[in-house]
Amino acid sequence: QVQLVESGGGSVPSGGSLRLSCGVSRWSPSTRCMAWFRQASGKEREGVATIDSVGNTRYADSVKGRFTISKDNAKNTLWLQMDSLKPEDTAMYYCAADQIYTGWVPRFWNNWGQGTQVTVSS
């Protein structure tokens with residue numbers, strides 16, 4: 001069972017930046033594909049960005065050009081660099097992992113962190 005621990009959330013003004021981190025207990029077949037999801041208050045969880053074992057990335061249209069997903073295998077860490085933040089980016093951000101890319105549907109991802117809160121003020 002892989003363990004994921006997010007950090008780096010906080011409160012920033014609109015236009016600001018944050019970098020989220022996800023510590024991965026160990027790389028394994030269960031972590032071939034990694035992702036960031038987010039869930040705003042009263043809304044469903046949605047996919048933000050994914051990265052696979054060879055570095056291919058995908059982004060939700062709402063964050064393309066502003067967010068960058070990356071990982072450092074040596075440091076057992078997944079990152080999400082968030083720039084030009086908007087109030088609508090306010091949400092709890094979750095790290096997820098699975099063996100294969102299964103799309104943006106949260107229930108198809110089997111490993112989750114506890115989340116880190118991001119708040120963007122206008």
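Residue A60 comes nearest to G47 through the heavy atom pair CB-O, 3.5 Å, listed as atom of the first residue, atom of the second, then distance. Summarising the geometry of S14 relative to S122, their closest heavy-atom pair is CB-CA, 4.3 Å, with the distance given to 0.1 Å.
M92 and V118 are members of different hydrophobic clusters when ILVMFWY side chains are connected at heavy-atom separations under 4.5 Å. Hydrophobic clustering, with ILVMFWY side chains joined whenever heavy atoms are under 4.5 angstrom apart, groups V12 together with V63.
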Next on the checklist: One pair to check against side-chain contact (heavy atoms from CB on, under 4.5 Å): T31 and Q99. What are the steps and the verdict?
Outcome noted: CA-CA 6 Å; T31 59; Q99 295 191 31; over 6 Å; no
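Using modelled atom types, no side-chain atom of E6 and backbone atom of T116 make a donor-acceptor pair closer than 3.5 Å. Remark: the backbone N or O of N110 is paired with a side-chain donor or acceptor of D98 at under 3.5 angstrom. A donor-acceptor pair under 3.5 Å is absent between the side-chain atoms of S84 and the main chain of G15, judged by distance alone.
Listed by chain and residue number, Y59, I69, L80 satisfy the side-chain contact (heavy atoms from CB on, under 4.5 Å) test with A49 (two or more places apart in sequence, or in another chain). Annotation: side chain to side chain donor-acceptor pair (under 3.5 Å) contacts of R58 (sequence neighbours excluded): none. Take D61 and apply the side-chain contact (heavy atoms from CB on, under 4.5 Å) test, not counting sequence neighbours, and it matches K64.
Sorted by first and then second residue, the pairs that involve residues 65-75 and meet side-chain hydrogen bond (donor to acceptor under 3.5 Å, both in side chains), not counting sequence neighbours, are R66-D89. Residue pairs meeting the ring-ring contact (aromatic ring centres under 6.0 Å, His included) criterion with at least one member in residues 61-112, sequence neighbours excluded: F37-W109, F37-W112.
A 4.5 Å side-chain heavy-atom check between L78 and I51 finds at least one atom pair inside the cut-off. With contacts defined as side-chain heavy-atom distances shorter than 4.5 Å, the pair V5/Q114 qualifies. Using a 4.5 Å heavy-atom threshold, the side chains of R38 and S62 count as touching. Side-chain atoms of D52 and M34, non-hydrogen and from C-beta on, never get closer than 4.5 Å to each other.
Within the model, atoms CZ of R107 and CZ of R45 stand 13.5 Å from one another, a figure rounded to the nearest 0.5 Å.
The closest side-chain donor-acceptor pair between D83 and S17 falls under 3.5 angstrom.
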Contacts under 3.5 angstrom, residues 18-25 side chains, donor-acceptor by atom type, not counting sequence neighbours:
from, atom 1, to, atom 2, distance (Å)
S25, OG, Q3, N, 2.8

